[in-house]
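The next block holds one structure in the form of structure tokens; read it before the comments.
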Amino acid sequence: PSWRSDRALFALGVAGLSRFLAEVDLETGAFVERMALPEAAAFPRVAPDGDTLLVNLGEPLNRIGRGSIRAGTFAPWGAFEGFSYPIWSPDGQYIYFAHFTPSAVDNTAPFSYTMERLPMAGGTATGPAEVILKDALWPSLSADGSELVYVYSDPKDYTNNLFISNSDGT
């Protein structure tokens with residue numbers, strides 16, 4: 001689930017084999033099915049402006065404008081690539097996500113992970129995504145956006161460790 005500043009909650013709804021984006025107003029208890037989503041949809045995240053929603057549709061990361069329910073692709077999608085665990089920075093200036101690609105090195109993990117951040121302004125990407133960490137996934141930012149917590153996944157022995165860094169990965 002993801003919160004909007006007016007106490008509305010967006011969540012992934014599941015009914016049988018169908019998935020949908022649900023909006024729940026916690027003040028009134030109103031439940032609105034906003035739109036149908038593909039079976040692979042996951043990780044709905046509301047932007048700090050409350051008007052833009054980021055949803056991983058199982059392919060590229062997509063944004064959905066609250067009023068018009070428009071989708072726009074933020075990142076390229078190549079063969080066997082994936083993008084997951086998207087989050088907004090508290091100021092709405094970045095989207096952080098894990099990017100995985102098939103590993104180019106034999107005898108290692110089948111995928112390589114990078115933590116990337118995409119610069120944003122007004123719900124629109126303003127430049128290319130930058131790699132800030134390697135072998136990292138599951139980003140979470142501090143409330144002020146200055147620190148990033150993530151899981152480092154060692155590609156050699158598959159162990160996972162929790163780390164804290166600055167929000168730029170340093």
Student check: side-chain heavy atoms of M115 and F97 closer than 4.5 Å
no

So do E116 and H99 actually touch side chain to side chain, heavy atoms under 4.5 Å?
yes

With a 4.5 Å cut-off on side-chain heavy atoms, are Y96 and L118 touching?
no

Not counting sequence neighbours, which residues clear side-chain contact (heavy atoms from CB on, under 4.5 Å) with F31? List them please.
F20, A22, V24

Could you give me the CA-CA distance, side-chain angles and deciding distance for Q93 and M120, then say whether side-chain contact (heavy atoms from CB on, under 4.5 Å) is met?
CA-CA 5 Å; Q93 298 298 307; M120 301 292 294; 5.9 Å; no

What's the spacing between T114 OG1 and L133 CG if we round to 0.5 Å?
9.0 Å

To the closest 0.5 Å, what do you measure between CD1 (I132) and OG1 (T170)?
9.0 Å

Validation: residues 145-153 side-chain donor-acceptor distances under 3.5 Å, sequence neighbours left out:
{"from": "S146", "atom 1": "OG", "to": "D144", "atom 2": "OD1", "distance (Å)": "2.8"}
{"from": "S146", "atom 1": "OG", "to": "D144", "atom 2": "OD2", "distance (Å)": "3.3"}
{"from": "S153", "atom 1": "OG", "to": "N160", "atom 2": "OD1", "distance (Å)": "3.0"}

Looking only at heavy atoms, what is the nearest atom pair of P86 and I95, with distance?
CB-CG2, 4.4 Å

Give me each pair satisfying side-chain hydrogen bond (donor to acceptor under 3.5 Å, both in side chains) with a member in residues 126-137, each pair once, sequence neighbours excluded.
R117-E130

Residues 159-170 vs salt bridge (charged side-chain N to carboxylate O under 4.0 Å, His left out), sequence neighbours excluded, gives none

What residue pairs, at least two apart or across chains, pass ring pair (Phe, Tyr, Trp, His ring centres under 6.0 Å) with a residue in residues 113-145?
Y85-W138, F100-Y113

If the condition is side chain to side chain donor-acceptor pair (under 3.5 Å), which residues does T28 pass it with, not counting sequence neighbours?
none

Tell me whether V131 shares a hydrophobic cluster with L141, the cluster being built from Ile, Leu, Val, Met, Phe, Trp, Tyr side chains joined at under 4.5 Å.
no

Scanning both residues in full, the closest heavy-atom pair of P90 with S142 reads CG-O, 3.6 Å

